[in-house]
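Below: one structure, written as structure tokens.
For the single chain, residues carry numbers from 1 onward in sequence order. Heavy-atom basis, side chains included; hydrogens, waters and symmetry copies ignored.
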Amino acid sequence: MRKFFEEFKEFALRGNMLEMAVGIIIGGAFTDIVKALTDNFINPILNFVTGAAAYDWGDIAGFASAFVSALVNFLIMAFVLFCLLKGMNKLMSLTKRGKEDEKPSTKKCPFCMSEIAIEATRCPHCTSVLEEKDAHVLSEV
């Protein structure tokens, strides 16, 4: 059961999933801006030009306030998403940092490029001498 939750967390917090979720949420919020623009500016202008409706200053102020309200809602939504993603990225970097602190257990042989143990002084594949242990001590004697 624990592995199931870890796999789900990895799936849900993957970069692609977060980007897709943000795109859908921002798209929905932007739809409200477009709807407010058409309902409160374009349609009233067309109605006024064609003579279908006459507006007074109160109507115009109502149209402007509805559009500004939709715009403010969009900015608030974008800010909240920004803060959530910033927090998620910080959380993800903390979990990655713990994995990066582990010391490597292998290294590459500079001659044959095969992986060998980090403590090895001779490559088991090509038998090249990598580093002589205590060679400088023997030369001083």
Side-chain angles (χ1 to χ4, degrees), residues 1-140:
M1 190 70 162
R2 184 177 205 179
K3 185 175 179 170
F4 175 79
F5 285 120
E6 287 180 16
E7 288 176 2
F8 178 74
K9 182 180 86 170
E10 182 181 329
F11 167 76
L13 298 180
R14 212 176 347 178
N16 298 352
M17 289 296 283
L18 290 175
E19 290 171 4
M20 186 176 70
V22 168
I24 290 170
I25 293 169
I26 291 289
F30 192 73
T31 301
D32 293 340
I33 289 179
V34 172
K35 187 175 187 304
L37 180 68
T38 56
D39 290 347
N40 298 308
F41 281 112
I42 296 174
N43 287 343
I45 290 172
L46 290 175
N47 289 338
F48 180 75
V49 169
T50 60
Y55 300 109
D56 60 359
W57 289 107
D59 294 333
I60 295 171
F63 295 147
S65 69
F67 178 72
V68 169
S69 174
L71 189 62
V72 167
N73 286 340
F74 175 79
L75 293 175
I76 290 170
M77 179 70 67
F79 180 72
V80 167
L81 282 174
F82 172 76
C83 291
L84 282 173
L85 285 177
K86 193 161 179 72
M88 294 295 288
N89 289 338
K90 182 71 172 176
L91 193 95
M92 295 301 287
S93 70
L94 290 176
T95 59
K96 287 180 183 175
R97 188 179 310 157
K99 292 178 182 177
E100 291 173 357
D101 290 344
E102 296 174 3
K103 290 185 177 180
S105 61
T106 61
K107 63 181 177 181
K108 286 198 178 244
C109 172
F111 302 102
C112 68
M113 294 303 193
S114 48
E115 286 199 17
I116 57 175
I118 197 88
E119 300 88 17
T121 57
R122 186 177 287 265
C123 178
H125 302 285
C126 67
T127 67
S128 299
V129 176
L130 302 175
E131 56 186 49
E132 293 280 337
K133 275 194 172 182
D134 300 329
H136 65 280
V137 174
L138 294 175
S139 63
E140 291 176 1

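- Counting only residues at least two apart or in different chains, salt bridge (Lys or Arg N to Asp or Glu O under 4.0 Å) contacts with residues 58-70 are absent.
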Hey, can you pull the donor-acceptor pairs under 3.5 Å for the side chains in residues 63-85, sequence neighbours left out?
residue	atom	partner	partner atom	Å
Ser65	OG	Ala61	O	3.3
Ser65	OG	Gly62	O	3.0
Asn73	ND2	Ser69	O	3.4

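- Looking at heavy atoms from C-beta onward, Phe111 lies out of side-chain contact with Cys123 at the 4.5 angstrom threshold.
- Rounded to the nearest 0.5 angstrom, Lys86 NZ and Leu91 CG are separated by 14.0 Å.
- We find the CE-SG distance between Met113 and Cys126 to be 10.5 Å, quoted to the nearest 0.5 Å.
- The OG1 atom of Thr38 sits 12.0 Å away from the CD1 atom of Ile33 when rounded to the nearest 0.5 Å.
- Summarising the geometry, atom CD1 belonging to Ile116 is positioned 9.0 Å from atom OG1 belonging to Thr106; distances are rounded to the nearest 0.5 Å.
- In this structure, CD on Glu115 lies 12.0 Å from NZ on Lys107, to the nearest 0.5 angstrom.
- Rounding to the nearest 0.5 Å gives a distance of 9.5 Å between CG of Asn43 and CG of Leu37.
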